[in-house]
Protein chains: 2
Amino acid sequence: MATPLEKARKDPNSMKAKILKVARRMFGEYGYHGTTTRMIAREVGIDISTLYYHWGEKTDLYESVILDINNDLRKKLVEVEKVIHGRPLARRLGIAIDMVTDYLFECPEISNLVLFQYFRKTREEPNLDFHVPDFISDIARSMDLCKTRESIPTSASMRVLAMMNSIHNFISGEEFFREMLKLKREEYIDHVKETLEFMLIPAFNSRKAGLK
Amino acid sequence: MATPLEKARKDPNSMKAKILKVARRMFGEYGYHGTTTRMIAREVGIDISTLYYHWGEKTDLYESVILDINNDLRKKLVEVEKVIHGRPLARRLGIAIDMVTDYLFECPEISNLVLFQYFRKTREEPNLDFHVPDFISDIARSMDLCKTRESIPTSASMRVLAMMNSIHNFISGEEFFREMLKLKREEYIDHVKETLEFMLIPAFNSRKAGLK
DNA sequence: ATGTGTTTCCATCATTTGATGGAATTATAT
DNA sequence: ATATAATTCCATCAAATGATGGAAACACAT
């Protein structure tokens, strides 16, 4: 009960917490190999060895970052679930898209790192043991894709992944897509929500039953 | 008319072509910073300076890789368009999903690199001038999202991006998702197609009209 | 004030990495 | 066979990078 990550969570003003916050952003923006420990230290305004003093190896810091963003995302999803509970499906989806999108646009490094986790290998494998996001089952249940949390059909997991990734894509790709479509930030966010509703609501709404 | 890329395309057995092929795979797997010129050279079985002899700087090679995969993808989409032309929309989508998915599972580095292009920054910016994929307008027209190729509504572009990214996600994330869901390759591919149909067909089929 | 433990920085190392010059090798034309 | 050009590899460099030891600075209790 005294890992650097727990200490950082306990005191948000501590140096550990400051470093973690910057590391999240940098790793999210440039990826694991694209980020150097010196870049992080410079951004925090400390010497590189202070960083090593608090966090040890680069892989340890990266691992903590991943654990941290997964934790944040899980907490947010629980919060969303509380809000949408009991409403009709299409409405649930609409609200969930709205809340999750707003949240991720505030913390884009979460989307960056989640996608990075899925898509990219690292040379020296700081491979955090394939942490299957347990909240996938919660989302599946919340979207009427299955009854219990225990046995989720593969199709349901796939659909949840597709849904979550659609959102992450637009967050992570903001810079690229906005430049491409010549949109202001607010316009872009609105278009993202509209597009997600266009894709997700008909899909989940039209065939509540037909699961393999 | 004598760039290394053109030479490589002309003679697929040339050393330039061999290097390009390996570079595609490596950059796709490990990203720009995650791939070293030595890794590529070792994989090809040549000395590192032979690689520099043929391709010059690392950024030049990377740029050629990006141009190459964009070109391949565009060619494939033209081919798909020829096959689906004239059929009803839902059928067009079904066939397109099938063909494009099969193709990308054969060349997963295309999906890797496309997503990498969208999502990740590189430190020293080998930023190929924000090449807006021109085939987006073709797809939009092919999906009944607009009439002409010239003026595509932003919503249409967004929907095409969402669609393409959904496919790329499952290709790039194969290793991670398959491990997570404990699926064999064939099972996974089938689930991917089913999920894409689940998401895309109702969306594009149900509201041919309602575009902002 | 003094002592103890914590935090921060300076200096430095060993590797890795992008990159190049030049010798050696191979292909090609005459 | 010989000259010329193209190709490949060996040796090496400079810069960047992950990492650490140890001295200095700081906090704080007694």
Side-chain angles (χ1 to χ4, degrees), chain A residues 2-8 10-23 26-27 29-66 120-128, chain B residues 1-8 10-23 26-27 29-66 120-127:
Chain A
T3 72
L5 182 54
E6 289 168 76
K7 285 187 193 167
K10 205 156 67 182
D11 179 4
N13 288 325
S14 65
M15 182 55 73
K16 282 184 178 48
K18 275 186 208 164
I19 295 172
L20 186 67
K21 196 177 160 193
V22 172
M26 304 290 269
F27 279 129
E29 232 166 293
Y30 299 97
Y32 180 75
H33 291 296
T35 307
T36 69
T37 51
R38 278 174 175 81
M39 284 166 66
I40 299 173
R42 197 184 316 128
E43 196 77 3
V44 179
I46 56 171
D47 187 89
I48 181 186
S49 50
T50 302
L51 189 150
Y52 278 89
Y53 171 76
H54 284 286
W55 287 99
E57 297 183 11
K58 184 186 181 185
T59 54
D60 293 338
L61 177 55
Y62 185 71
E63 191 171 322
S64 295
V65 165
I66 296 295
R120 204 108 280 120
K121 287 185 189 169
T122 44
R123 258 172 356 239
E124 62 259 10
E125 308 294 323
N127 255 344
L128 0 180
Chain B
M1 90 113 203
T3 73
L5 183 55
E6 290 168 75
K7 285 186 193 170
K10 205 157 66 182
D11 180 4
N13 287 325
S14 66
M15 182 55 73
K16 283 184 178 47
K18 275 186 208 165
I19 295 173
L20 185 68
K21 195 176 161 191
V22 172
M26 304 291 270
F27 279 129
E29 233 166 294
Y30 299 98
Y32 181 76
H33 292 296
T35 307
T36 70
T37 51
R38 279 173 175 81
M39 283 166 66
I40 300 173
R42 195 183 318 128
E43 196 77 3
V44 179
I46 55 171
D47 188 90
I48 182 186
S49 51
T50 302
L51 188 150
Y52 279 88
Y53 171 76
H54 285 286
W55 286 99
E57 295 183 12
K58 185 185 180 186
T59 53
D60 292 339
L61 176 56
Y62 185 71
E63 191 172 320
S64 295
V65 164
I66 297 295
R120 203 108 282 121
K121 287 185 190 169
T122 44
R123 266 180 340 248
E124 62 259 9
E125 308 295 323
N127 255 346

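Quick note on labels: first sequence line is chain A, next is B, and so on, each numbered from 1. Keep in mind that the numbers below use all heavy atoms, side chains included, and drop hydrogens, waters and symmetry copies.
Relative orientation of the A:Phe27 and A:Tyr62 rings is perpendicular, given thresholds of 30° and 60° on the angle between their planes.
B:Met15 has its CE atom 12 Å from the C1' atom of D:dC9, to the nearest Å. Distance CD1 (B:Ile48) to C1' (C:dT20): 10 Å, rounded to an integer number of Å. Atom pair B:Arg38:CZ and C:dG18:P shows a separation of 7 Å (rounding to whole Å applied). In this structure, A:Leu51 places its CG atom 13 Å from C1' of D:dT20, rounding to the nearest Å. Atom CE in A:Met26 sits roughly 11 Å away from atom P in D:dT17 (whole-Å rounding). Between the P atom of C:dT17 and the CG atom of B:Leu61 lies a distance of 16 Å, rounded to the nearest Å. Between the C1' atom of C:dA19 and the CD1 atom of B:Ile40 lies a distance of 14 Å, rounded to the nearest Å. With rounding to whole Å, B:Trp55 atom CH2 is found 14 Å from D:dT8 atom P.
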From CA spacing to verdict: side-chain contact (heavy atoms from CB on, under 4.5 Å), B:Ile46, B:Ile19: CA-CA 9 Å; B:Ile46 55 171; B:Ile19 295 173; 3.8 Å; yes

B:Glu63 vs B:Thr59, side-chain contact (heavy atoms from CB on, under 4.5 Å): CA-CA, chis, key distance, verdict: CA-CA 6 Å; B:Glu63 191 172 320; B:Thr59 53; 5.9 Å; no

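With B:Lys58 contributing its side chain and B:Thr35 its backbone, the two residues share a donor-acceptor pair below 3.5 Å. Side chain of A:His33 to main chain of A:Arg123: a donor-acceptor pair is present (N/O by atom type, distance under 3.5 Å, no hydrogens or angles).
Between A:Arg123 and C:dT17, a side-chain N or O to OP1/OP2 separation shorter than 4.0 Å is present. Within the 4.0 Å cut-off from OP1 or OP2 of D:dT20, not a single side-chain nitrogen or oxygen of A:Tyr52 is found. Regarding contacts with the backbone of D:dG18, a side-chain N or O of A:Thr37 is found under 4.0 angstrom from either OP1 or OP2. The side chain of B:Tyr53 places an N or O atom within less than 4.0 Å of a non-bridging phosphate oxygen (OP1 or OP2) of D:dT7. Between A:His33 and C:dT17, a side-chain N or O to OP1/OP2 separation shorter than 4.0 Å is absent. Between A:His54 and C:dT6 there is no side-chain polar atom (N or O) within less than 4.0 angstrom of OP1 or OP2.
Under the 4.5 Å side-chain criterion, counting only non-hydrogen atoms from C-beta, B:Leu51 is in contact with B:Ile40.
Across A:Met39 and A:Tyr30, no two heavy atoms sit closer than the pair CE-CD1, 3.7 Å.
Heavy atoms of A:Thr50 sit under 4.0 angstrom from at least one base atom. A:Ile46 comes within contact range of the sugar-phosphate backbone alone, with a heavy-atom separation under 4.0 Å but no base atom that close. In this structure, A:Thr35 reaches the sugar-phosphate backbone alone: every heavy-atom distance under 4.0 Å involves primed, P, OP1 or OP2 atoms, never a base.
Toward the 5' end of DNA chain D, the nearer of the two residues B:Lys16 and A:Lys58, judged by each one's closest nucleotide, is B:Lys16.
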Return the polar atom pairs (N/O with N/O) between nucleotides 21-27 of chain C and the protein under 3.5 Å, or none.
none

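Taking A:Ser14 as the reference, nothing meets the side-chain hydrogen bond (donor to acceptor under 3.5 Å, both in side chains) condition, with sequence neighbours excluded.
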